[in-house]
Every structure is written in structure tokens, then in C-alpha cells.
Amino acid sequence: MRLPRTRPRSLAGQLFAMQALLVALVVAGCAFFAYASGRAQAEETAARQVRGVALAMAGSPSVREAIRTPHPSAALQPYAERVRADTGIAFVTIMDPDGVRWTHPDPSQIGRPFIGHTEQALRGRTFTETYTGTLGPSIRVVTPILDGSAVVGLVSAGITVERVSTQVREQLGALAAAAGGALALGGLGTYVINARLRRHTHGMNAQELSRMHDYHEATLHAVREGLLMLDGQRRIALVNDAGRELLGLGPEAVGRTVDRLELPAPLTGALLASEPRVDEVHLTADRVIVVNTSPVVGGEQRGTVVTLRDHTELQALSGELDSERGFTQALRSQAHEAANRLHTVVSLIELGRVEEAVEFATAELELAQVLTDRVVGAVGEPVLAALLLGKAAQANERGVELVLGEDSLIDDGALPHSLPPRDLVTILGNLIDNAVDAASEASTGGSAAGGGAAVPAQRSTTRALVTVTALTDAGGLLLRVADTGAGIGPDDADEVFRRGWTTHGAGRGLGLALVRQAAHRNGGTVTLGRSADGGAEFTVRLPLTGRPAQAVTA
């Protein structure tokens with residue numbers, strides 16, 4: 001029978017065990033050091049005490065006088081016992097130079113030889129030793145009794161090792177209590193710290209945390225959406241590869257605050273906002289991105305998680321889809337008009353007016369073919385030619401005439417492959433759409449705008465006209481779109497390229513911002529002026545060889 005696998009202990013549990021063991025070892029080490037230090041100190045104190053007693057008795061004149069008497073023990077024994085009792089030491093032994101005792105705590109030992117070393121004392125030196133005598137192991141001091149320069153006797157004072165050990169054991173109880181308190185306090189502190197760590201690590205062990213970190217790193221690099229994490233001070237705490245690319249950030253971006261990243265002001269405001277942002281569209285220098293922000297409410301510091309989606313390609317595809325939808329509507333309308341004209345020709349033939357029928361059909365064919373021949377002859381780039389023909393049909397449906405400038409000329413193959421056709425469609429398509437709106441509104445008395453807002457206009461009977469110029473020269477590719485609208489007011493000239501600037505209601509105001517972005521992406525410029533008819537005139541210049549992007553001017 002297979003036993004179930006036990007889950008490894010959590011990281012907090014492992015750290016608690018290691019820290020508890022470490023605290024126990026530290027406390028035990030400190031206790032042992034304190035015990036050893038206390039014992040050494042007790043032995044040193046005892047040695048100083050007995051040394052003082054021995055030196056004092058060896059220097060006493062009464063001791064020297066007693067030694068000169070025929071029976072020194074009679075005077076010295078009571079004196080030695082009195083000193084021993086007063087000082088609390090184990091023994092005071094006074095002896096002759098041959099080591100025969102005159103005094104001893106045990107009177108039966110008087111007259112017997114001293115057990116220990118006396119050689120150094122006989123040479124006039126005082127020394128300390130630990131030796132086992134009649135009272136057991138003791139710390140003793142032996143010093144000479146001098147009468148002039150002659151050694152007339154010896155004094156040995158000592159304290160038993162057992163008494164020193166007893167004193168140390170008395171201190172050991174207090175030491176053990178202090179060590180136990182330190183161990184308990186350290187264990188409690190370790191438990192509190194690790195309980196907090198357990199909450200933050202959600203009870204995971206080291207292997208699980210390491211695996212999560214590896215998955216975290218792999219996910220950050222694998223996900224195609226941009227991911228940005230901001231801390232409570234709105235500093236970048238983390239950004240993945242896609243986020244760096246979408247925002248144009250360098251490796252030094254981590255740790256910097258959002259307002260120092262030199263991002264467009266609306267995007268910076270969205271990242272700094274405390275409330276969530278959902279699917280907001282923002283423009284950088286080269287991209288259209290969709291921003292979502294979500295505040296972090298857990299943890300000690302509030303932060304923000306930001307996701308970024310690249311909307312550039314989708315926006316371009318959406319523009320192309322709008323163009324295709326417009327082409328479809330124009331074709332449907334043209335098919336209806338063609339049917340009406342065909343019915344007219346058939347009716348003329350049925351009425352026997354064949355010549356009028358031929359003349360009517362020929363005039364219609366010539367009128368429809370003029371713009372097609374002009375565009376195909378002047379614009380060799382198929383994408384631009386198709387766009388111009390389609391936009392001409394759309395403009396015609398709105399009562400606006402689209403004409404190609406006389407100096408327009410783009411040879412086939414003149415545009416390099418580095419200039420994306422999609423960007424050309426974005427630039428020229430949006431400029432023509434805005435111009436058609438402005439010309440149409442001006443001709444019907446509405447508010448005119450070159451992609452946005454305008455100067456109020458009175459009802460006009462002049463024809464609505466949009467003039468498109470497309471040519472290549474030494475300066476690169478020039479695209480110019482002029483209309484007969486009311487033009488752009490001077491107060492709006494600086495704001496016209498800002499995303500969201502419009503007078504056509506919500507959901508508009510992105511076209512000119514995309515034009516500026518596409519021009520910037522290809523190293524070009526966009527300028528705004530006034531056309532010969534008083535409307536707006538937008539001029540875009542794109543280098544045919546890669547050059548740094550220029551500033552947009554108005």
C-alpha cells in the first residue's frame with residue numbers, strides 16, 4: 001500500500017524551525033559562556049581573597065613574634081582560626097620553613113607536614129595554585145614570612161573548590177532563569193514574525209515559491225499584452241517586454257515615477273488616476289493603445305495594475321473596413337444610378353430617338369471616365385489610386401466633387417517598400433473624409449471642419465469641392481488635401497491634432513490624431529494652413545528614405 005505523500009513544510013514553517021534552533025543555540029552558547037565566565041571570575045575572586053589574607057598574616061608583626069617563641073602554635077592557632085572565621089575562607093595554615101604545620105583547622109593535623117608546594121615561597125615569592133590537600137581540592141596561596149631577608153616561616157590560605165562551585169551553582173539558577181526567559185521571548189518573537197510571513201506567502205513552501213517565480217517570469221515574457229505594475233507612489237515596479245515596446249521604455253524605467261516617463265499627457269493622467277480605467281484608447285508617438293487600470297486594494301501599499309493592448313493594427317483595419325463599407329455603398333448607389341440611366345437609354349430607343357440615346361450614353365461614359373483616366377494616369381501607386389477613386393465615389397454621393405491637382409504625379413515604383421501602404425491609406429483616407437465633411441457641411445450651411453470644428457458658416461451656393469494633390473519630388477512624398485469648407489479657427493489650430501478634438505459628437509476626433517501618428521512613425525510632418533477657397537488645407541510630407549520624425553506644425 002502506497003503511503004500518501006506529505007506536503008513539504010511551508011517556507012514560514014521551515015524558517016520558524018531554523019530560527020528557533022538558532023535562537024536556542026545562541027541562548028545555550030551565551031549561557032555556557034556566562035557560566036564559564038562566572039566560574040573563572042569566582043575562582044579569580046577567591047584567589048584574590050586568599051592572597052590578601054595570606055599576605056596580611058605574613059606581614060603581621062605578631063606572627064613573627066609568635067614564631068620566635070618556643071611553642072608558636074599556642075599563639076598562632078587561635079589567631080589563624082579567628083582570621084579564617086572572619087574571612088570565610090577554608091583554611092589558614094602557618095608552617096615553619098620545612099613545611100611542618102603550626103596551625104590547621106583540624107588540630108590533629110598540627111605538627112604534620114604541609115601537603116602542597118613550597119619551593120617558590122622559600123625563594124621569597126608568593127604564588128597561587130590549585131592543589132588537593134586534607135580538605136580536598138582547594139585554591140591556595142603560599143607566601144613567605146620574612147624576618148629581614150630570612151624566611152622564618154610560610155603562610156598558606158585557601159578556599160576549597162567545592163565552595164567556589166557552590167557559589168557558581170547558586171548563580172547558575174539565576175542564569176538558567178534568564179536564559180529560559182530569553183529563549184521564550186526569542187521563540188515568541190520568531191513565531192510572530194513567521195506568522196506574518198506565512199500570511200504573506202499564503203503558506204507556500206520554498207519550492208512552490210520558486211516555481212511560482214519561474215512561472216511568473218515566463219508568463220511576463222510570453223504574454224503579448226503590455227503589463228505594467230505601479231506601486232503606491234506610482235513608480236514602475238514591474239513592466240514586461242510588450243509593455244516596454246508599447247510605451248517605448250528603456251531598461252532604466254523600473255523605479256521611475258510615471259510622470260517622468262515623457263508619455264503623452266492624457267496617457268500619463270490615466271496611469272496616475274486612482275479610479276479604474278476600462279478600455280480607454282490612447283495615442284503614443286507611434287501607436288494606438290487600449291489602456292485598462294485596476295487598483296490593488298490588498299497589501300500594505302496601494303498600487304495599480306495596468307494592461308496595454310496594441311490597437312494600432314486594429315485601428316488601421318477598422319479604417320480600411322470603413323473605407324470598404326463606403327466603397328460598397330458608393331457602388332450600390334452607382335448601380336442604382338446606372339440602372340436609371342440604362343432605363344433612360346432603353347426608353348429613348350423605344351421612342352425611336354436613337355441619336356439622343358447614343359448622345360446621352362456617350363456623355364455619361366465620358367463624364368465617368370474623366371476622373372478614372374486622370375487618377376490612373378497620374379498616380380502609379382495602386383493603393384493610392386484605388387483609394388482616390390473610391391473616395392471620389394463616396395464624395396459624389398454627398399454632393400462633393402473630388403478632383404486631383406494638376407501637378408499630381410506619382411510614378412509606379414516610386415514609393416519604397418519601407419513606406420507601408422496601410423499608413424498611406426490612414427493619412428490620405430482620414431484627410432479626405434474630414435475634407436468631404438467640411439465641404440459638405442459648408443455647402444449646406446452647417447458648421448465646417450477640417451476633421452473637427454470650425455468657424456460658423458452661412459448657407460453657401462458655391463460648389464463643394466475637395467482638391468487632392470499627390471506627388472513625389474526631391475523632398476519626398478507630398479500629400480495635400482484642401483476643401484471649400486469654413487476652415488479651422490486660429491484658436492483651434494494647436495488643438496486640431498489632439499485625440500478627441502471634434503465637433504461631431506462622441507466617438508469621433510481620432511482621425512487627425514492618427515494622421516499625425518502615421519506621419520511621425522514614418523519620419524514625416526503634417527502642416528495645417530488655409531486653402532485658396534478659404535477652407536482648411538492639410539499638407540503631409542513623408543521622406544522616401546528613413547529620417548527622424550519631425551514636429552507637427554500648424
Side-chain angles (χ1 to χ4, degrees), residues 212-318 418 420 422-423 426 497-500 510 512-526 543 546-552:
M212 178 175 290
H213 175 268
D214 294 339
Y215 288 160
H216 172 266
E217 290 295 319
T219 302
L220 284 180
H221 291 288
V223 69
R224 296 182 62 86
E225 287 191 352
L227 181 63
L228 198 67
M229 295 185 182
L230 309 178
D231 62 15
Q233 283 72 44
R234 295 300 189 269
R235 293 189 301 258
I236 294 181
L238 184 146
V239 58
N240 68 347
D241 298 339
R244 291 181 188 275
E245 182 180 357
L246 290 176
L247 297 180
L249 303 179
E252 73 285 350
V254 176
R256 298 176 62 186
T257 55
V258 171
D259 54 3
R260 296 178 57 193
L261 297 180
E262 299 181 357
L263 298 175
L267 178 57
T268 300
L271 297 180
L272 292 176
S274 58
E275 67 278 1
R277 298 295 179 94
V278 180
D279 290 339
E280 285 193 1
V281 178
H282 290 271
L283 273 71
T284 64
D286 300 318
R287 296 180 182 274
V288 180
I289 58 177
V290 178
V291 177
N292 286 273
T293 67
S294 177
V296 178
V297 296
E300 296 180 354
Q301 284 188 324
R302 292 176 59 89
T304 305
V305 176
V306 182
T307 59
L308 309 168
R309 296 200 309 271
D310 191 356
H311 204 260
T312 308
E313 298 295 325
L314 183 61
Q315 189 66 43
L317 291 174
S318 177
S418 60
R422 180 170 293 172
D423 285 347
T426 297
F497 294 101
R498 179 176 56 83
R499 184 189 73 84
L510 190 60
L512 290 178
L514 292 175
V515 169
R516 179 181 66 173
Q517 187 185 72
H520 180 276
R521 187 162 53 240
N522 292 279
T525 62
V526 183
R547 277 187 261 178
Q550 304 296 321
V552 176

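Please read these numbers as outputs of a predicted model, since none were measured by experiment.
- Residues L308 and I289 come closest through the heavy atom pair CD2-CD1, 4.3 Å.
- T257 pairs by the side chain to side chain contact (heavy atoms under 4.5 Å, CB included) definition with R235, D259, R260, not counting sequence neighbours.
- Side-chain atoms of N240 come within 3.5 Å of backbone N or O of L227 as a donor-acceptor pair.
- From L512, atom CG reaches atom CD of Q517 across 13.0 Å, with rounding to the nearest 0.5 Å.
- Side-chain contact between T426 and P420 is absent, with no heavy-atom pair separated by less than 4.5 Å.
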Start with the C-alpha gap between D279 and N292, add the side-chain angles, then the distance that decides, and say whether side chain to side chain contact (heavy atoms under 4.5 Å, CB included) holds.
-> CA-CA 5 Å; D279 290 339; N292 286 273; 3.0 Å; yes
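- Atoms CG and CE, from D231 and M229 in turn, are 12.0 Å apart once rounded to the nearest 0.5 Å.
- Minimum interatomic distance between R516 and V526 (heavy atoms only, all atoms of both residues): CA-CG2, 4.2 Å.
- In terms of heavy atoms, G226 sits closest to L246 at N-CD1, 4.0 Å.
- With sequence neighbours excluded, the residues forming a side chain to side chain contact (heavy atoms under 4.5 Å, CB included) with P276 are P295, listed by chain and number.
- Partners of T304 by side chain to side chain contact (heavy atoms under 4.5 Å, CB included), not counting sequence neighbours, listed by chain and number: L230, R234, T293, V306.
- The shortest distance between side-chain heavy atoms of L249 and I236 falls below 4.5 Å.
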Decide side chain to side chain contact (heavy atoms under 4.5 Å, CB included) for V239 and L247; before the verdict, give the C-alpha distance in whole Å, the side-chain angles of both, and the deciding distance to 0.1 Å.
-> CA-CA 10 Å; V239 58; L247 297 180; 5.8 Å; no
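- Here R277 pairs with E275, E280 under the salt bridge (charged side-chain N to carboxylate O under 4.0 Å, His left out) rule; sequence neighbours left out.
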